[in-house]
Amino acid sequence: MSFFNTYRNPALVKDCLDVIRTEAKKPIKLMEVCGGHTHAIQRYGLPSLLPSNIELLSGPGCPVCVTNRSYIDQAIHLASDTQNIICTYGDLLRVPGSISSLEKVKALGHSVEIVLSPLQCLEMAKQNPDKHIVFLGIGFETTAPATAATILEAEKKKIKNFSVFSAHKTMPAAMKALAGEQPLLNGYICPGHVSSITGARMYSFLPEKHGIACVIAGFEPLDLLECILMLIRQVNSNHPKVQIQYKRAVTINGNKKAQQILEKVFKPVNDYWRGLGRINGSGLAIENRYEEFDTNSRLYLPPYEISEPAGCICGDILKGIQKPNECGLFRSACTPANPIGACMVSNEGACNAYYSYKP
Amino acid sequence: MSDTVLLAHGSGGIKTQQLIQDYFFKLFDNPILNEATDSAVLDRPKGKICLTTDNFVVQPQDFPGGDIGKLAVCGTINDLAVSGAKPQYLSVGFILEEGLLLSDLMRYVKSMANTAKSAGVRIVTGDTKVVQRNNCDHLYINTTGIGTIQSEQEHISSGRKIKSGDAILINGYIGDHGMAIFSTRFPKQVSTKLLSDCNCLNELIGDLLAKKCKINFMRDPTRGGVAGVLNELSTQLNLGINILEDQLPVRPEVSGLCEILGFDPLYLANEGKVLLICPKEESEKILNIWRKHPLGKNARQIGHISNEHKGLVVMQTCYGGKRLIDPMISDPLPRIC
Amino acid sequence: MCLSIPGKILSIKDQMATIDISGSQYQAGTHLVENAKVGDLVLIHSGFIIQMLTPEEAEETREILREILKNDETSKK
Ligand code: SF4
């Protein structure tokens with residue numbers, strides 16, 4: 001099977017676009033809530049190909065963008081203790097805290113290591129028995145199970161010098177909060193990999209309670225176009241429901257085993273989303289039974305205040321109320337080389353994607 | 001001889017002499033070097049000369065497809081070759097860490113000697129210093145190169161003859177070196193058969209000069225990758241640059257790893273590639289010559305110079321969409337989301 | 001990275017699978033899925049297999065796509 005021939009076939013893309021053009025009769029507002037989608041949409045240049053009555057908004061799906069600044073400040077505090085080794089996905093390294101970033105403190109000689117998998121932390125813990133390994137757990141239902149499985153491994157292997165500083169969040173909670181703020185939203189391009197874990201079922205409140213069409217999409221150009229077409233058809237027929245475009249990876253019930261592991265290790269808590277504020281039950285904290293792997297109970301963390309950089313409208317961008325180029329700092333004071341808000345840091349942040357891919 | 005580098009090897013005393021005799025003279029062997037003078041005495045060539053220098057600090061020193069020695073010779077030879085010059089002489093400066101295995105040093109020196117020899121370039125002078133342990137990462141190498149250049153080629157490095165409509169060519173797959181090096185950082189997570197493309201380009205480029213091809217610009221897309229060179233060029237000369245996504249030569253292994261790590265092959269380093277800009281009518285001739293050379297088998301045109309969007313590099317995606325290729329901020333980082 | 005290219009399991013040892021992705025190999029934990037076995041097509045995220053794909057599912061997507069395009073034909077007329 002040639003994967004690219006199937007999902008990146010230019011002729012099929014063109015056909016799909018033709019159908020979209022014929023069928024999209026009225027103005028339609030769609031929001032993608034997954035950073036991977038934001039990125040793919042820009043990468044393939046889809047906005048320049050879609051008819052102008054289809055408006056794509058970028059929601060809060062980039063984990064880095066919604067992680068509040070004080071989390072970075074606290075991670076920097078942890079890194080400044082020579083007893084600790086901080087392990088993180090590369091995504092977080094350049095995110096600005098209120099005065100510094102992990103990249104800058106690494107340059108000063110503090111231990112900050114990039115990992116591809118949280119399991120690497122356990123190896124590191126074995127190799128450095130006199131150090132404490134802190135894993136910065138960020139991400140949604142796609143990445144949180146990896147963290148949870150690693151905590152279970154640590155328990156099994158009796159590793160004592162490892163803990164997770166969790167900023168994990170759950171996506172549906174945010175989609176619910178946004179649905180309330182976005183009366184004009186017609187449809188959600190629902191996240192692909194989050195849904196492969198959670199299953200499609202969890203979105204059913206969106207069409208039922210908020211009248212929003214939902215289609216779960218994959219990450220290839222044809223996946224996204226097909227999803228958009230499915231959303232247009234739902235909107236046209238005035239019959240919103242939950243559909244799965246990304247059938248090869250998503251089922252109604254999702255990945256049960258991953259869900260169980262997630263539930264075993266984490267518990268929902270109220271959490272603060274950068275730009276969106278506090279959302280009830282949207283954060284994942286480590287269950288008491290695994291508190292020996294919870295950085296919050298293992299190490300001292302300084303108190304913090306939640307604040308946003310002046311002039312940054314990340315919040316409104318995440319809510320889909322404003323576009324990046326409507327921010328006064330966009331492209332002038334705020335660039336990928338010198339990001340002010342979180343949306344500019346990650347490749348999948350709305351401002352960064354907008355900056356990089358808009359000629 | 002002892003089996004590791006000692007501070008004494010850099011002291012200027014007997015151990016230094018031994019190192020010079022047994023390693024450098026023996027392997028780099030040529031009449032100019034063998035004079036053992038403080039300065040190499042060279043014939044004055046006709047016309048102008050090009051001078052370039054580069055430091056090599058690659059980690060790891062041994063990587064799939066090459067090592068720091070080969071890289072140090074290729075890198076400087078390529079800097080000369082892409083300027084349109086014929087590389088002639090190299091100087092070599094070593095900074096060695098106390099405790100470096102002499103057998104490792106021998107291997108790097110051999111690989112330098114072999115690379116220089118097959119490129120027809122002579123290593124004519126050098127210097128060695130040894131620093132205390134932990135003051136450098138095994139070894140650093142500096143090479144400086146001298147080449148001769150014909151007046152017809154002098155414009156090549158500046159690109160001042162580039163005009164709208166010119167074709168942008170590359171001699172093969174991009175991103176191999178960057179990805180081969182990167183994969184060594186996560187040996188337990190990632191493994192690949194990819195090799196660095198580290199190679200000397202002087203012969204490949206020499207073929208074009210010998211056949212009087214018209215070339216408006218050349219540069220080797222090393223750190224910062226193809227995106228880096230094109231952005232530098234578009235900003236400096238206020239050019240609009242168009243590249244075509246479906247023409248970019250990328251190996252499946254590289255694009256697969258790029259997907260996992262969240263990288264873009266356009267930003268990955270190359271060590272055996274040259275970006276060449278020529279008048280449109282010249283491109284077929286150049287590609288035909290290149291394709292006969294082992295280092296140019298997969299040569300192709302990847303874009304052109306445009307009248308529009310001056311100062312920007314724009315990629316046309318496979319579907320006719322457009323995206324901006326901005327310069328790299330710093331080394332790419334692996335991402336999860 | 002939301003990697004959507006499926007990988008193929010080449011071998012499994014101690015709950016860790018070696019997965020082929022376009023000719024390069026990647027290590028991923030099998031902890032989050034049931035019955036992963038050699039030859040399976042899988043989705044990977046942050047060092048773990050997060051979902052198994054079956055060739056039929058991939059095949060089915062292509063079918064749906066064909067259907068849609070057929071629809072297009074009719075809707076164009
Ligand atoms: S451009 Fe920068 S400052 Fe403005 S909203 Fe985006 S991230 Fe915030």
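Numbered from 1 within each chain, the chains take letters A, B, ... in sequence-line order.
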Using every non-hydrogen atom in the two residues, find where B:Thr192 and C:Ser24 come nearest and quote the distance to one decimal.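 For B:Thr192 and C:Ser24, the tightest heavy-atom pair comes out as OG1-OG, 3.2 Å.
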I'd like to verify something: which residue of C:Gln27, C:Met16, C:Gln25 has the highest number of heavy-atom pairs under 4.5 Å with chain B?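 When all of C:Gln27, C:Met16, C:Gln25 are compared, C:Gln25 has the most.
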Identify which of B:Pro252, B:Pro334, B:Ser191 forms the greatest number of heavy-atom pairs closer than 4.5 Å to chain C.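 Option with the top pair count is B:Ser191.
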B:Glu97 CD: over 12 foreign heavy atoms closer than 6.0 Å: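 Yes.
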May I ask you to check whether over 12 heavy atoms, not counting those of B:Arg300, lie within 6.0 Å of atom CZ?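 It does: B:Arg300 CZ has more than 12 such atoms within range.
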